[in-house]
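Would you mind keeping the following structure in view while I ask a few things?
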Amino acid sequence: MSNIRYDSVSTLVGKVKGLLEGQFRNVSIEGEVTNLSLSSSGHYYLTLSDRNSSLSACLFKMDAMRNPEIKQLKDGDKVQCIGGLGVYAKRGSFQLIIKRITKASTGGDLLAEFEKLKKKLAGEGLFDLEAKSKIPALPKKIAVITALRGAALQDFLNIMKRRTLWTDIVVVPALVQGNGAAASIRKSLFNTIKFSLDNPSNSVDVIVLTRGGGSLEDLWAFNDEALAWDIFNCPIPIISAVGHQVDYSISDFVSDLRCETPSAAAQVLSEGQTQILSKLENLRRHLNSSAKNIIYTRKDRVASLRPEALLARVNKLYQDYKYRLEKCSLAKRDVELIGLHDHWFRLDDNLKRMQMALEKTLRDREHRVSKSIELLNALNPSNVLERGYSYITNGDGNVVASSDDFEKLPVGTELNIQFSDGKNKVSKL
């Protein structure tokens, strides 16, 4: 049990959140609405149910504004939703984050028709990547097919105005919703192609089909089969920027490039000029910096060529050469050249060493004399007499050292007894 590694609740919920949201980022679901409620912040909360299960769901305020049909829904309605699963870590629960919601009674048939047409056109090769044209990096002329008063057009134009300098934009008006919208878009596309072919010197480089988001019914004009074939056969590269991130139409699949929003399409088309502008700005700063460096360098050179500066340089050179000549003069370097300095240093060292050796020898001699004196004092008979001893000498001053020597002396011989404090004479009896 001690080898078990325990994760925190936050860690486990985080792992579940990453797996669940990553795997179910885009799901389509159909169910019955229950517990529908609107919060004070503008978010809708509901439960999607069928006979055996239920799932919590929410429609956030910004997405609710794109789905006005939510206001007509009520408990018991059968709906079709597109969105992704999200985990609310605080409660450890998951729910469906709805991006698109429609009643099943109307949207279901359209969705089935959409999937049927999509499958058919895919089988006929309209979605093949090999058939798609490359979007020009620096388009000079762009044709935008959309509604004149739509917000999508304004978003596109604002970004292009901010990020480009020389792009020519032609707005081709068309109906993008309702009856006759598909025919209107096809007609605008035809006129654009015809204009480009009739004016090769002023031809259109790329066409943008765009409009804002909406329900499946609102975007149905872009799911027209005839329009899909027109896009496929168009000799000019086409970008489809219809709806929002979660919105897909047949024109998105058949176009040469699909952008999530009109703003995204504008960013793609302006990216080349943006990079060039950025490079030009970098070059401008580099040229400005280089020019300043050149000016400062020239100023320094001009300053160095003034008479005062030249005179100062000549004077400095004169002083340098004078110093070098003085160093080369043998008269002032005799001591250095013959090495007297070294000899003087060596003599000083030897003198110090001799003095130190003499002092050491003298100390050794004094120590030896001191030791000898101490030894002589220890052997001096006078020092022994001070401890109460005495000795006898004959008239010749010889010491009578033994009893035999004393017996050999004739009777009447005068002897001297030496004490520590003096002498006394005695005669042998």
* Asked: Which residues pass the side-chain hydrogen bond (donor to acceptor under 3.5 Å, both in side chains) test with K292, sequence neighbours left out?
  ->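 So K292 forms no side-chain hydrogen bond (donor to acceptor under 3.5 Å, both in side chains) with any residue.
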
* To do: Just do the side-chain contact (heavy atoms from CB on, under 4.5 Å) check on R162 and I159 with the steps written out, would you?
  => CA-CA 5 Å; R162 186 178 71 248; I159 293 177; 4.0 Å; yes

* Could you please spell out the steps behind the side-chain contact (heavy atoms from CB on, under 4.5 Å) verdict for V33 and Y44? => CA-CA 12 Å; V33 176; Y44 286 86; over 6 Å; no

* Asked: Which residue pairs satisfy the side chain to side chain donor-acceptor pair (under 3.5 Å) criterion with at least one member in residues 146-161, sequence neighbours excluded?
  ->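 Side chain to side chain donor-acceptor pair (under 3.5 Å) check on residues 146-161 returns no pairs.
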
* Only counting residues at least two apart or in another chain, list the ones meeting salt bridge (charged side-chain N to carboxylate O under 4.0 Å, His left out) with K352. =>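 Partners of K352 under the salt bridge (charged side-chain N to carboxylate O under 4.0 Å, His left out) test: none.
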
* Residues D364 and R368 bridged, charged N to O under 4.0 Å ->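 No, no charged N to carboxylate O under 4.0 Å.
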
* **Straight-line distance of L269 CG to I169 CD1, nearest 0.5 Å** =>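 Interatomic distance, L269 CG to I169 CD1, rounded to 0.5 Å: 8.5 Å.
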
* Knowing that exactly one of T47, I82, L48, I101 qualifies, which makes a side-chain contact (heavy atoms from CB on, under 4.5 Å) with L96? ->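 Only one option passes, and that is L48.
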
* Side-chain donor-acceptor contact under 3.5 Å, N288 with R285 -> no

Using residues 198-206 as the side-chain source, report each donor-acceptor pair under 3.5 Å to any protein atom, sequence neighbours left out, with the distance given to one decimal.
| unit_1 | atom_1 | unit_2 | atom_2 | d |
| --- | --- | --- | --- | --- |
| D198 | OD2 | K194 | NZ | 3.0 |
| N199 | ND2 | F195 | O | 2.9 |
| N202 | OD1 | K141 | NZ | 3.4 |
| D205 | OD2 | K140 | N | 2.7 |
| D205 | OD2 | K141 | N | 3.0 |

* Asked: Side-chain donor-acceptor pair under 3.5 Å between S10 and S8, yes or no?
  -> no

* **T261-S263 side chain donor-acceptor pair, cut-off 3.5 Å** =>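 The criterion, which ignores hydrogens and geometry beyond distance, is not satisfied for S263 and T261.
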
* Are any non-hydrogen side-chain atoms of K74 and D77 less than 4.5 angstrom apart? ->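 They are in contact (side-chain heavy atoms under 4.5 Å apart), so the answer is yes.
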
* Asked: Would you say T210 and L153 make side-chain contact, with heavy atoms under 4.5 Å?
  -> no

* Asked: Any donor-acceptor pair under 3.5 Å linking the side chain of T274 with the backbone of S270?
  ->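 Yes; judged by distance alone, with no hydrogens or angles, the pair exists.
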
* Asked: Quick check: does any side chain N or O of N223 sit under 3.5 Å from a backbone N or O of S249, one acting as donor and the other as acceptor?
  ->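 A pair under 3.5 Å: no.
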
* **Gap separating the OG atom of S251 from the CD1 atom of I239, nearest 0.5 angstrom** =>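 Rounded to the nearest 0.5 Å, the OG-CD1 separation comes to 12.5 Å.
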
* Do the non-hydrogen side-chain atoms of S370 and E366 ever get within less than 4.5 Å of each other? -> no

* To do: Determine which pairs satisfy side chain to side chain donor-acceptor pair (under 3.5 Å) with at least one residue from residues 12-25, sequence neighbours left out, and list them in order.
  => D7-K15, K17-E21

* Measuring from I231:CD1 to L227:CG, what's the distance to the nearest 0.5 Å? ->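 Nearest 0.5 Å value for the CD1-CG distance: 4.0 Å.
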
* Under 3.5 Å, is there a donor-acceptor pair between the side chain of S196 and the main chain of T192? ->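 Pair absent, no side-chain N/O of S196 close to backbone of T192.
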
* Would you mind listing every ring pair (Phe, Tyr, Trp, His ring centres under 6.0 Å) that reaches into residues 253-280, with sequence neighbours excluded? => F127-F253, Y248-F253

* Are any side-chain N or O atoms of Q273 and backbone N or O atoms of L165, one a donor and one an acceptor, separated by less than 3.5 Å? -> yes

* To do: Check for a donor-acceptor pair, side chain of S290 on one end and backbone N or O of H286 on the other, with a separation under 3.5 Å.
  => yes

* Using modelled atom types only, decide if a donor and an acceptor are shared between the side chain of N67 and the backbone of I70 within a distance under 3.5 Å. => no

* **Any F222 side-chain heavy atom under 4.5 Å of I185 side chain** =>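 The answer is yes, as the side chains (C-beta and beyond) meet within the 4.5 Å cut-off.
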
* Whether S255 side chain and R258 backbone form a donor-acceptor pair below 3.5 Å ->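 No, because the side chain of S255 does not come within donor-acceptor range (under 3.5 Å) of the backbone of R258.
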
* Would you check if R66 and K99 make a side-chain contact, meaning some heavy-atom pair closer than 4.5 Å? =>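 The answer is no, as the side chains (C-beta and beyond) never meet within the 4.5 Å cut-off.
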
* Can you find a pair of side-chain heavy atoms, one from I207 and one from P237, that are under 4.5 Å apart? -> no

* Asked: Given side chains that start at C-beta, do those of D63 and I98 come closer than 4.5 Å, heavy atoms only?
  -> no

